[in-house]
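Everything on this sheet refers to the single structure shown next.
Order of the sequence lines fixes the chain letters, A, B, ..., with proteins taken first and strands second; residue numbering starts at 1 for each chain.
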There are 2 protein chains.
Amino acid sequence: MRMSSLADYAVVLMSAAARHCGGMRCNARVLATETGLPLPTAQKLVSKLSAAGLIESVRGAGGGFRLSRPPAAITLADIVEAVDGPIEITVCAGEHASDCAMEGSCHVRPHWQIVNRTIRSALAGVTLASLGQHIPDPKRPEHALDLKKVGERTST
Amino acid sequence: MRMSSLADYAVVLMSAAARHCGGMRCNARVLATETGLPLPTAQKLVSKLSAAGLIESVRGAGGGFRLSRPPAAITLADIVEAVDGPIEITVCAGEHASDCAMEGSCHVRPHWQIVNRTIRSALAGVTLASLGQHIPDPKRPEHALDLKKVGERTST
DNA sequence: GTTAATCGGAGTGAATCGTTCCGATTACGA
DNA sequence: TCGTAATCGGAACGATTCACTCCGATTAAC
């Protein structure tokens with residue numbers, strides 16, 4: 001029950017892209033430095049995100065990319081699906097018919113579809129814009145104030 | 001964004017156990033035949049489910065196992081966690097501190113925790129008892145109204 | 001005490017994932 | 001107009017995890 005690391009990195013990368021180079025153009029090298037990701041990994045992510053239409057890339061010297069939509073219109077579901085493909089926790093959870101032998105008589109499959117839809121909604125409910133807003137760690141209420149200040153400082 | 005196949009099999013297995021041998025004792029061989037799973041796989045699942053305390057196994061001739069709790073008290077979250085371990089879509093999504101380099105300044109992590117909690121709730125909302133109830137395929141539009149009601153019911 | 005059937009853990013093979021490298025494309029400068 | 005440099009894009013490699021299978025330990029029944 002874990003999403004791929006690439007998808008996780010992609011979210012961090014897109015978050016940095018939205019923060020660091022909001023409207024202006026930036027490249028994979030800058031974001032790799034910004035996020036601490038290896039440059040080849042950042043390049044691979046940029047490729048996938050570009051193929052999915054989340055960013056628009058410009059090749060050549062002085063090239064780079066920029067978000068194809070405002071941060072408020074890009075959700076975690078978009079990013080995860082761009083990197084990992086459709087969100088399906090099981091092969092039966094997808095909308096299309098599976099090749100399972102017990103196709104018609106399966107009691108579990110409809111429930112998987114509901115769960116799958118709930119998960120996708122949870123991911124679709126978080127936008128890149130909302131990633132900028134700081135959320136206090138519910139596990140440590142006493143540190144919420146300090147974390148807020150740290151969050152503001154590191155975001156610059 | 002996919003759960004392990006073992007966890008999927010485990011849900012089918014537990015569903016069959018709840019249906020086929022509700023209160024009485026049954027063994028891995030019967031459930032393997034019932035569900036179509038290979039016997040070694042069913043045995044492995046039984047081991048894990050037993051270790052997690054979801055079923056109580058009795059060894060020796062004439063042995064077998066039975067559910068340690070009523071079907072209404074066993075959720076998909078219990079089964080998935082028994083097989084796959086804690087539900088964490090990212091290494092940062094867990095409650096404990098991660099070894100991530102950008103620990104304190106990460107803007108994404110709190111959101112992952114919220115998403116993670118939502119996913120776990122979705123899995124915890126479906127019990128083995130509710131798996132017995134039939135749910136129409138949401139692919140058929142004429143059943144859409146039924147789906148909504150079912151979704152509300154399973155969320156409790 | 002013996003037998004037989006079951007659970008439990010260790011070992012092997014395969015598939016996927018993550019990483020890295022190299023080529024294709026394009027804009028800038030001479 | 002040509003050469004150079006910097007970037008994206010796809011392909012190949014290695015590592016890790018997963019799924020599967022086999023064999024031994026345990027225990028009740030005869």
With sequence neighbours excluded, give me every side-chain hydrogen bond (donor to acceptor under 3.5 Å, both in side chains) pair touching residues 6-15 of chain B.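 side-chain hydrogen bond (donor to acceptor under 3.5 Å, both in side chains) check on residues 6-15 of chain B returns A:Trp112-B:Asp8.
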Roughly, in whole Å, what's the span from [atom1] in [X] to [atom2] in [N]?
X: B:Leu6; N: D:dC20; atom1: CG; atom2: P; result: 7 Å
X: B:Met3; N: D:dA19; atom1: CE; atom2: C1'; result: 15 Å
X: A:Leu31; N: D:dT7; atom1: CG; atom2: P; result: 12 Å
X: A:Leu49; N: D:dC8; atom1: CG; atom2: P; result: 12 Å
X: B:Ile55; N: C:dT6; atom1: CD1; atom2: C1'; result: 13 Å
X: A:Glu56; N: D:dC8; atom1: CD; atom2: P; result: 14 Å
X: B:Phe65; N: C:dT6; atom1: CZ; atom2: P; result: 12 Å

Could you say whether B:Gly64 or A:Ser5 is positioned toward the 5' end of DNA chain C, judged by the nucleotide with the nearest heavy atom to each?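 Counting from the 5' end, the first nearest nucleotide belongs to B:Gly64.
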Which one of A:Leu45, A:Val12, A:Thr41 satisfies the side-chain contact (heavy atoms from CB on, under 4.5 Å) criterion with A:Thr35?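 Of the listed options, the one satisfying the test is A:Val12.
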Tell me whether B:Leu6 is reachable from B:Ile55 by hopping between hydrophobic residues (I, L, V, M, F, W, Y) whose side-chain heavy atoms are closer than 4.5 Å.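 Both belong to a single hydrophobic cluster.
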Sugar-phosphate, base or nothing in reach of A:Ser4, heavy atoms under 4.0 Å: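 Sugar-phosphate contact only.
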Shortest non-hydrogen contact from A:Ala42 to A:Leu13?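 Shortest heavy-atom separation between A:Ala42 and A:Leu13 comes out as CB-CD1, 4.3 Å.
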Does B:Asp84 pair with A:Arg2 as a salt bridge, N-O distance under 4.0 Å?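 A salt bridge is absent here (no side-chain N lies under 4.0 Å from a carboxylate O).
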Just the atom pairs and distances: protein N or O near nucleotides 8-11 of chain C's N or O, under 3.5 Å.
from  : atom 1 : to      : atom 2 : distance (Å)
C:dG8 : OP1    : B:Ser57 : OG     : 3.2

Is the shortest heavy-atom distance from the side chain of A:Ile87 to the side chain of A:Leu123 under 4.5 Å?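 Yes, close enough: below the 4.5 Å cut-off.
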